[in-house]
Amino acid sequence: MSRQLIDSFGRVHRDLRISVTDRCNFRCTYCMPAEGLDWVPRQELLTFEEIERAARLMVERYGVSSIRLTGGEPTVRAHLPVLVDMLAQLPVDLSMTTNATRLPTMAEDLKRAGLGRINISLDSLCKERFTELTLRDELSKVLDGVDAALAAGFDPVKINMVVMAGVNEEEIVDFARFGRDRGVTVRFIEFMPLDASEQWTEGHVVTQQQIVERINEVFPLKPVERTSAPATRFVYEDGQGEVGVVASVTQQFCDSCDRVRLTADGQFRNCLFAVDEFDLRSLLRSEASDDEVGEFLEKAVAGKWAGHGIGTVEFIRPARSMSQIGG
Ligand code: SAM
Ligand code: SF4
C-alpha cells in the first residue's frame with residue numbers, strides 16, 4: 001500500500017460505509033417516507049463480487065482499515081453472511097448497523113462469517129412510541145435482537161438512539177439505564193436533516209450538551225479524551241460503562257472526517273451530505289482496470305468539500321434520504 005485516499009484539505013480516508021441494500025422492513029419516519037420508496041431493481045444493485053472488488057482495492061491500495069455494512073436494512077439482503085465472509089478476509093475492522101429484527105436468526109451466522117461488531121438502532125423503549133416511529137409493532141423483536149447479538153458474543157454491542165426534541169427526548173435517561181443494565185454502550189445521535197419527510201428544523205435537535213446534562217443528573221459522567229471517531233465518549237463515574245454522543249449538528253467533526261460511502265446501487269459518495277455522487281458501478285461493469293478504478297476513487301475523494309455546513313446558508317439537502325445513502 002503506497003497511496004492514500006486524500007482530499008485537498010489533507011484528510012486521509014480510511015473508513016468505508018457500504019450500503020448493501022436500500023430496502024428495509026421498517027419505515028422509520030425520520031428516515032424513509034411512510035409509503036416507502038421505489039426499491040432499486042436487483043440488476044442495479046452491486047453484486048457481492050463487485051462490492052468485494054471495490055473494498056479490496058480501497059483496503060489493499062489505499063489503506064482503508066474499517067468497513068461498516070449498512071443500508072436500508074443490511075440483514076434483508078439475501079445471503080448477507082456470504083458477503084461478510086468475503087470481506088472478513090480483508091484486514092479491516094468489519095462492523096454492521098442494523099435494526100436488529102433479524103438478529104435472532106442471523107447473529108450466530110454473522111459472527112461465524114467474521115463480522116466483528118454490531119450497532120443496533122433503537123429510538124424508543126416504549127412500545128407505542130416505537131410503533132409510531134418505525135410504523136412497525138416490533139419492539140420486542142429488536143430487544144430479542146439485542147440479546148441475540150450479545151449471546152453470539154459480539155462485543156461491544158452498541159445501541160444508536162437518534163434523539164428528537166418533543167418525540168423521544170424524555171427517554172434519554174431510560175436509555176442510559178438500559179445500557180448500564182444490559183452491558184451495551186448507548187450512542188445518542190443528534191437528529192440530522194436527512195429525514196425523508198423534510199420536517200427537520202434546528203428546533204428538533206437535542207444537543208450534545210442537553211443530552212449529557214440529563215444523564216449526568218442521574219448517572220454522573222466524566223468525559224474521555226476525544227479521538228477522530230465521531231462519537232464524543234463519556235464514562236460513568238461509578239465505572240459502570242460508557243455512553244457516546246454523535247453531535248453531527250452542534251459540534252461538526254468534518255475537520256477530522258475520514259469516511260467515504262458506497263451506495264447499494266454503486267454510487268461512491270465522499271460525504272454523507274454530498275450532493276454529487278460518482279458512478280462507480282458503471283466503471284466496475286466496464287472492465288476498467290484496478291488502476292482506472294483507483295484513479296476514479298482518488299479523484300472522487302480529492303474533490304471533497306470542507307464540511308456539510310448544516311445551519312449555514314450554504315447548506316443544501318442531499319436528494320436522497322438516509323435509507324438510500326446508508327447511515
Ligand atoms: N437499517 C439500519 C439501521 O436502522 O440501523 C441501517 C441503516 S440506517 C439509515 C443507519 C442509521 O441512520 C440508523 O442508526 C438511523 O437511526 C440513522 N438515521 C436515519 N435517519 C437519520 C436522521 N435523519 N438523523 C440521524 N440519524 C439518522
Ligand atoms: Fe430502515 Fe434503518 Fe431507515 Fe429505520 S433507520 S427505516 S430501520 S434504514
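Both ligands and their constituent atoms are indexed starting at 1 by order of listing. This one's a predicted model, so the numbers in the text were calculated from it and none came from an experiment.
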* **Co-membership, hydrophobic cluster, residues V82 and V76, 4.5 Å side-chain** => no
List the closest protein heavy-atom neighbour of [atom]: residue, atom name, distance to the nearest 0.1 Å.
atom: atom 1 (Fe) of ligand 2; value: C24 SG, 2.2 Å
atom: atom 23 (N) of ligand 1; value: M192 O, 2.9 Å
atom: atom 13 (C) of ligand 1; value: S121 OG, 3.2 Å
atom: atom 17 (C) of ligand 1; value: M322 CE, 4.0 Å
atom: atom 2 (C) of ligand 1; value: E73 OE1, 3.3 Å
atom: atom 3 (Fe) of ligand 2; value: C31 SG, 2.4 Å
atom: atom 10 (C) of ligand 1; value: G327 CA, 3.6 Å
atom: atom 20 (N) of ligand 1; value: Y30 CD1, 3.2 Å
atom: atom 26 (N) of ligand 1; value: V162 CG2, 3.5 Å

* To do: Look at C28 and state whether any of its N, O or S atoms is less than 2.8 Å from atom 4 (Fe) of ligand 2.
  => yes
To the nearest 0.5 angstrom, please state how far the [atom1] atom of [X] sits from the [atom2] atom of [Y].
X: S19; Y: M322; atom1: OG; atom2: CE; value: 11.0 Å
X: R17; Y: L69; atom1: CZ; atom2: CG; value: 10.5 Å
X: L284; Y: T47; atom1: CG; atom2: OG1; value: 8.5 Å
X: D258; Y: D7; atom1: CG; atom2: CG; value: 10.5 Å

* Do N160 and T97 have side-chain N/O donor and acceptor atoms under 3.5 Å apart? -> no
* Atom indices of ligand 2, in the order listed, that fall short of 4.0 Å to a heavy atom of G72 -> 8 (S)
* Against heavy atoms of N99, which atoms of ligand 2 measure under 4.0 Å? -> 7 (S)
* Asked: Does a side-chain N-to-carboxylate-O contact under 4.0 Å join R214 and E169?
  ->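 Here R214 pairs with E169 in a salt bridge, since their nearest N and O are under 4.0 Å apart.
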* Charged N to carboxylate O under 4.0 angstrom, D109 versus R112? -> yes
* To do: Would you indicate whether the side-chain heavy atoms of R281 and L46 approach each other to under 4.5 Å?
  => yes
* Asked: Any N or O on G72 sitting closer than 3.5 Å to an N or O of ligand 1?
  -> yes
* To do: Quick one: look at T70 and ligand 1, take heavy-atom pairs under 4.0 Å, and tell me if it's side chain, backbone, both or neither.
  => side chain
* Does even one non-hydrogen atom of S121 get within less than 4.0 Å of ligand 2? ->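 S121 does not count as a contact of ligand 2 under the 4.0 Å cut-off.
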